[in-house]
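Hydrogens, waters and symmetry mates are skipped; everything else that's a heavy atom, side chains included, is used. Below, chains carry the letters A, B, ... as their sequence lines are ordered, and counting in each starts from 1. For clarity, every value in this text was computed on a predicted model and none was experimentally measured.
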2 protein chains.
Amino acid sequence: MAGSKAPPTIQEVAELAGVSKSTISRYFSGFPVRNPEQIRAAVERLGYRPNSAARDLKNGRTRTVGVAVRDLADLYFARILRAIGLASSEVGFHLLVADTSLTSERLAYETLRQRADGLILCAPQLDDSELESLVDDLRPVVIVDRLAPGVRAPQVGVDFYAAMLGLIAHTMDLGHRRIAYFAGPPRSWGDRERRRAFETAKTFGAIPTILEAADSDQLDAAINTALSDGTTAILSFDDFIASSTISRLRKLDVSVPDEISVTGFDDVGYASLSNPEITTVRTPLGDLGERAWSELRALIEGAEATATSVLLPAEVVVRASVAAIAKA
Amino acid sequence: MAGSKAPPTIQEVAELAGVSKSTISRYFSGFPVRNPEQIRAAVERLGYRPNSAARDLKNGRTRTVGVAVRDLADLYFARILRAIGLASSEVGFHLLVADTSLTSERLAYETLRQRADGLILCAPQLDDSELESLVDDLRPVVIVDRLAPGVRAPQVGVDFYAAMLGLIAHTMDLGHRRIAYFAGPPRSWGDRERRRAFETAKTFGAIPTILEAADSDQLDAAINTALSDGTTAILSFDDFIASSTISRLRKLDVSVPDEISVTGFDDVGYASLSNPEITTVRTPLGDLGERAWSELRALIEGAEATATSVLLPAEVVVRASVAAIAKA
DNA sequence: CTGAAAGCGCTAACAC
DNA sequence: GTGTTAGCGCTTTCAG
């Protein structure tokens with residue numbers, strides 16, 4: 001049996017300080033009171049801490065943001081999350097997080113929403129129509145890393161299309177034409193945007209091949225294909241795939257970038273420490289989070305929800321994993 | 001002006017369904033009711049969602065864990081966090097997170113505690129005495145990645161001392177004696193534990209040098225020192241330092257592991273993708289999180305708080321960044 | 001199985 | 001400035 005007593009209430013503090021509950025309440029809300037020192041002492045002595053459930057109930061808000069991510073242990077999301085956390089805590093908000101890798105997205109969102117004033121959904125996987133209907137009763141909500149036409153909520157993403165085009169241009173400048181795209185999560189918005197860039201690139205004379213590389217086996221197969229079909233540059237969905245690719249190529253004694261060029265995407269840490277250092281795109285994860293928060297904040301404060309979409313630019317970071325194509 | 005109406009209450013659902021509030025409440029608590037279908041319909045129609053502030057207030061608990069970490073965007077913490085999140089959500093708990101990089105730890109803990117049933121503090125930096133006093137009014141609390149003698153709370157950590165000793169033994173087996181420790185955050189428990197291993201290693205004939213390497217300038221200096229004082233193996237505080245070290249050595253045209261060996265610690269991702277692949281220690285981050293949660297859960301359910309400390313084992317992962325010492 | 005009623009701890013008029 | 005009072009939305013006796 002635990003000897004834990006019930007926590008002190010505002011009433012007990014009031015009695016000890018010889019004033020009424022309201023005075024204590026005011027004291028905590030920063031209003032001037034006659035005898036702050038006395039109150040402070042009573043609070044201290046009792047170890048009183050305001051009960052936030054009661055507060056939230058009375059105030060009708062929780063001052064909490066709910067954020068859903070697919071994988072908390074993915075640096076990509078962790079960085080966005082951190083930015084949201086820092087920005088929102090500046091205005092006294094708390095961060096409630098759900099990792100949707102094991103639960104259904106719907107359920108996770110619903111549960112989060114119950115305890116938060118608003119939601120930020122990171123790269124939701126649901127299809128547009130599901131998302132559209134869900135968003136209606138989740139509101140206020142903002143969507144990150146996914147543009148879903150028809151969804152009446154602010155959507156903030158990164159211009160992957162333009163960034164990938166930049167990467168393609170960079171490789172093409174160096175003489176590459178037969179380029180392979182090592183694709184990421186199929187059907188994800190981020191992947192589709194990158195693919196679009198390859199479509200466009202055909203216009204400029206690129207000869208792209210799309211190869212699935214989201215899991216380990218696919219990656220092996222993709223590498224084999226690339227190695228045998230005359231590919232001279234591999235543009236990967238993200239730094240992780242790029243890193244894995246380079247690592248496997250090394251085992252096959254294929255030198256990067258001398259024999260084949262490889263690029264990453266996102267610049268999430270290992271890209272700059274690799275050997276060779278990976279040419280990639282710097283995805284502005286912090287900005288993404290901050291922007292999402294400011295959109296959500298506006299909504300929470302009563303702004304009308306519209307289908308605003310914001311596309312943040314991302315720049316190419318040239319490092320050492322792409323070289324000029326060897327003369328044929 | 002926002003057209004947002006107040007969310008429906010249980011009362012409105014009751015009226016629409018033609019029953020009393022209590023019945024709706026029971027319906028949501030899983031008790032059998034006469035007409036579940038009718039209720040479901042009313043709930044659906046109104047888009048009713050139970051107000052968790054009211055619920056928490058009435059029930060006297062929030063079913064929320066508060067977790068404080070120094071840096072949300074550090075894979076090390078992100079992995080622990082994820083494990084806590086997954087484990088706790090299995091029993092219906094929510095995850096409230098605070099990143100303490102910008103706020104004072106004290107404040108962050110206090111705020112978190114206000115909305116959570118218990119706290120998990122990851123690698124708190126406060127000194128033992130501060131922590132000791134804080135823990136008393138934060139209770140229930142569990143501490144992760146830090147053993148603080150005298151603090152009456154479960155403390156779960158990893159046996160860095162033994163693991164580092166294992167790494168030292170491995171390098172010594174390969175003939176190394178002059179080894180340098182590239183230290184991490186000074187005064188942190190994790191760093192102190194690792195240092196202890198070097199003390200012990202002297203007994204076995206190791207000739208260790210401790211070099212600060214927590215920031216970029218220190219790292220450069222440490223590398224210079226190591227290169228000029230006959231060091232043959234660098235054991236780093238973590239994989240990030242190891243990775244950075246290897247990357248800088250490469251620029252200096254010093255080959256790893258041919259000319260100098262390097263080890264990492266934690267195995268948090270880039271270690272296995274590096275070139276060379278980094279010999280390191282696999283820190284059981286997931287277990288750490290799960291264990292912390294199960295300790296906290298017991299406390300929340302009324303267990304007596306004691307100064308239990310759990311030390312999880314971590315194993316050495318031999319890869320390619322350590323080679324036998326070249327014959328002198 | 002169901003309804004009526006009494007709060008959970010706090011805030012915000014309102015009257016002093 | 002301060003006390004009194006009336007709920008916020010829900011759960012849970014208690015009596016049917």
Looking at [X], does any N or O in its side chain come under 4.0 Å of the phosphate oxygens OP1/OP2 on [N]?
| X | N | result |
| --- | --- | --- |
| A/Ser20 | D/dG3 | yes |
| A/Thr23 | D/dG3 | yes |
| B/Arg55 | D/dG9 | no |

Would you say the side chains of [X] and [Y] form a donor-acceptor pair under 3.5 Å?
| X | Y | answer |
| --- | --- | --- |
| A/Thr283 | A/Asp266 | yes |
| B/Asp71 | B/Tyr76 | no |
| B/Arg63 | B/Ser88 | no |
| A/Ser101 | B/Arg82 | yes |

- In sequence, state the C-alpha distance, the side-chain angles, and the governing distance for B/Arg106 and B/Glu130, and then conclude on side chain to side chain contact (heavy atoms under 4.5 Å, CB included). CA-CA 9 Å; B/Arg106 283 197 91 88; B/Glu130 271 195 287; 3.7 Å; yes
message = Tell me if the side-chain of B/Arg26 makes a donor-acceptor pair with the base of D/dT13, cut-off 3.5 Å, by modelled atom types.
response = yes
* For the base of D/dT11, is there a side-chain donor-acceptor partner from B/Ser29 under 3.5 Å away? -> no
When the distance from [atom1] of [X] to [atom2] of [N] is rounded to whole Å, what number comes out?
| X | N | atom1 | atom2 | answer |
| --- | --- | --- | --- | --- |
| A/Ile10 | D/dG3 | CD1 | P | 12 Å |
| B/Lys21 | D/dC8 | NZ | P | 9 Å |
| A/Gln114 | D/dG9 | CD | P | 15 Å |
| B/Arg49 | D/dC10 | CZ | P | 12 Å |
| B/Leu57 | D/dC10 | CG | P | 12 Å |
| B/Ile24 | D/dC10 | CD1 | P | 10 Å |
| A/Gln11 | D/dG3 | CD | P | 11 Å |
| B/Tyr27 | D/dC10 | OH | P | 15 Å |

The answer to which of B/Val19 and B/Asn59 contacts DNA chain C further toward the 5' end, by nearest nucleotide, is B/Val19
Classify the nucleic acid contact of [X] as base, sugar-phosphate or nothing, counting any heavy atom under 4.0 Å across all strands shown.
| X | value |
| --- | --- |
| A/Tyr48 | sugar-phosphate |
| B/Ser25 | base |
| A/Ser22 | base |

A/Val33 has its side chain closest, among D/dT2, D/dC10, C/dT2, to D/dT2
The nucleotide from C/dC1, C/dA6, C/dG9 with an atom nearest the side chain of B/Lys58 is C/dA6
